[in-house]
Amino acid sequence: MIITDVQVRVFNHKTRRHSDSAGHAHPGPEHTVQQAMLTIRTEDGHEGHSFTAPEVARPHVIEKFVKKVLIGQDHRDRERLWQDLAHWQRGSAAQLTDRTLAVVDCALWDLAGRTLNQPVYKLIGGYRDKVLAYGSIMCGDEIEGGLATPEDYGRFAEKLVARGYKGIKLHTWMPPVSWAPDVRMDIKACAAVREAVGPNISLMLDAFHWYTRTEALELGRGLEKLGFDWIEEPMDEQSMSSYKWLSDQLDIPVVGPESAAGKHWHRAEWLKSEACDILRTGVNDVGGITPALKTMHLAESFGVQCEVHGNTAMNLHVVAATKNCRWYERGLLHPFLEYDDGFDYLNSLSDPMDSDGYVHVPDRPGLGEDINFDHIENNRVA
Ligand SMILES: O=C(O)[C@H](O)[C@@H](O)[C@@H](O)C(=O)NO
Ligand SMILES: [Mg+2]
């Protein structure tokens, strides 16, 4: 049970996903990018793995913080190991981030599952083994036939419903798109999608993240007329009072915070201040499965739904082990990308979805990621 090593393998893989200057994903030509797999190993040879960006698991962070906390410890003490890393963040000169806590915590959960031959959600305490997914569409673009017009969104939404999705979330146009942001265009895209899919598909909007209060209010009122389920991150989430103001004015539920720092502690303040109607968490956003579960249970104690940000196995296991979350966020999707093709370093999808729109939690041990170890070894760069 004692941790003897923490190893990071950096490898190349191919993708058609590109990030713009604001960090949002868009399709493009196939190119090679680097990914890191962090492995935690015990004295009896068991291993747990998790994936992240190489800079999140760079040698300085692993040697100066992660190894010092983990080596020699019982891997089953996830709560204490997480607390020790979280406490060290304050004195880390901002080098030890929530993303690093997340990849370490996920590898520890994966290690526990692989050691006991159980899926993580069953170790937590399973609530369900399948969950409805909403299709989370990429941010808009200026690509001919892509997501350049409201009609493009409408056509893509029809395809997503035909694939089986019972919910769709739009991310509309944001800079660096030349004319974005534009509230009226956002509403036109949402109207085109509602027109295309009819009244029985759940729709949500995740908008430009820096609208003013009055712009967000105009947008929210437009969504109310279209019967949308929620509005997400229309303003800077560092201004909790702006969200309190918006939530008080709108009938449509306001969801957040996604990207605000502060883990479950700050999300407790959002609930106490009634700054949102639906809370939000995400394994990468709050520093792991461990704090994501704390956030889910916090929300449940207030009778509040908490929606989980992001795809991948780590978020799926949080959803599968909790009741107060309606959806799994499957994406990000685009007409020019085939999400179901997965990744070349995984042998199969971590979030397979059936034709009725249900994602089934893999019953493989740990996080259940079907890792292609040969690909990783054959494409290693560090
Ligand atoms: O960069 C972002 O805004 C998010 O990653 C976004 O693309 C998407 O993941 C999101 O906001 N989901 O709710
Ligand atoms: Mg979001």
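Just so you know, ligand 1 is whichever comes first in the structure, and atom 1 is the first atom listed for that ligand. This structure is a prediction, so every number in the text was calculated from the model and none was measured.
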Q | Option nearest atom 6 (C) of ligand 1 (shortest heavy-atom distance, choices Met138, Arg280, His171) | A | His171
Q | Check: Tyr134 N/O within less than 3.5 Å of ligand 1 N/O | A | no
Q) What are the atoms of ligand 1, with element, lying closer than 4.0 Å to any heavy atom of Asp206? A) 10 (C), 11 (O), 12 (N), 13 (O)
Q) To the nearest 0.1 Å, how far is atom 4 (C) of ligand 1 from its closest protein heavy atom, and which atom is that? A) Glu258 OE2, 3.8 Å
Q: Could you say whether the N/O atoms of Glu232 and ligand 1 ever approach to under 3.5 Å?
A: yes
Q: Please state whether the rings of Phe156 and His334 are parallel, tilted or perpendicular, taking 30° and 60° as the class boundaries.
A: tilted
Q: Report the distance from atom CZ of Arg17 to atom NE2 of His24, rounding to the nearest 0.5 Å.
A: 15.5 Å
Q. Does Glu232 bring an N, O or S atom to within less than 2.8 Å of the Mg ion (ligand 2)?
A. yes
Q) Do Lys169 and Glu232 sit within salt-bridge range, that is, some charged N less than 4.0 Å from a carboxylate O? A) yes
**Q.** Minimum side-chain heavy-atom gap Pro119-Arg364 below 4.5 Å
**A.** no
(Q) Angle between ring planes, Trp173 versus Tyr153, binned at 30° and 60°: parallel, tilted or perpendicular? (A) perpendicular
(Q) Please list the nearest protein heavy atom to atom 7 (O) of ligand 1 with its residue and the distance rounded to 0.1 Å. (A) Leu332 CD1, 3.3 Å
Q.
I need the contact type for His209 against ligand 1. Using non-hydrogen atoms and a strict under-4.0 Å cut-off, is it side chain, backbone, both or neither?
A. side chain
Q.
So, of the N/O/S atoms that Glu258 has, which is the nearest one to the Mg ion (ligand 2)?
A. OE1
Q: Provide the atom name of the closest N, O or S atom of Asp206 relative to the Mg ion (ligand 2).
A: OD2
Q) Can you list the atoms of ligand 1 that are under 4.0 Å from a heavy atom of Glu329? A) 10 (C), 12 (N), 13 (O)
Q. Would you call Arg80 and Gln73 a side-chain contact if the rule is heavy atoms closer than 4.5 Å?
A. yes
Q. So, is His24 polar-close to ligand 1, with some N/O to N/O distance under 3.5 Å?
A. yes
Q | Top protein contact for atom 5 (O) of ligand 1, by heavy-atom distance | A | His309 NE2, 3.9 Å
Q: Quick one: look up the protein heavy atom nearest atom 13 (O) of ligand 1 and list residue, atom name and how far away it is.
A: Lys169 NZ, 2.6 Å
Q: Go through the steps for Thr295 and Arg267 under the test side chain to side chain donor-acceptor pair (under 3.5 Å), then give the verdict.
A: CA-CA 7 Å; Thr295 316; Arg267 283 154 179 78; 5.4 Å; no
Q. In a check of side-chain contact (heavy atoms from CB on, under 4.5 Å) between Trp270 and each of Lys244, Arg280, Glu237, which one passes?
A. Glu237
(Q) To the closest 0.5 Å, what do you measure between CD (Glu300) and CG (Leu293)? (A) 11.0 Å
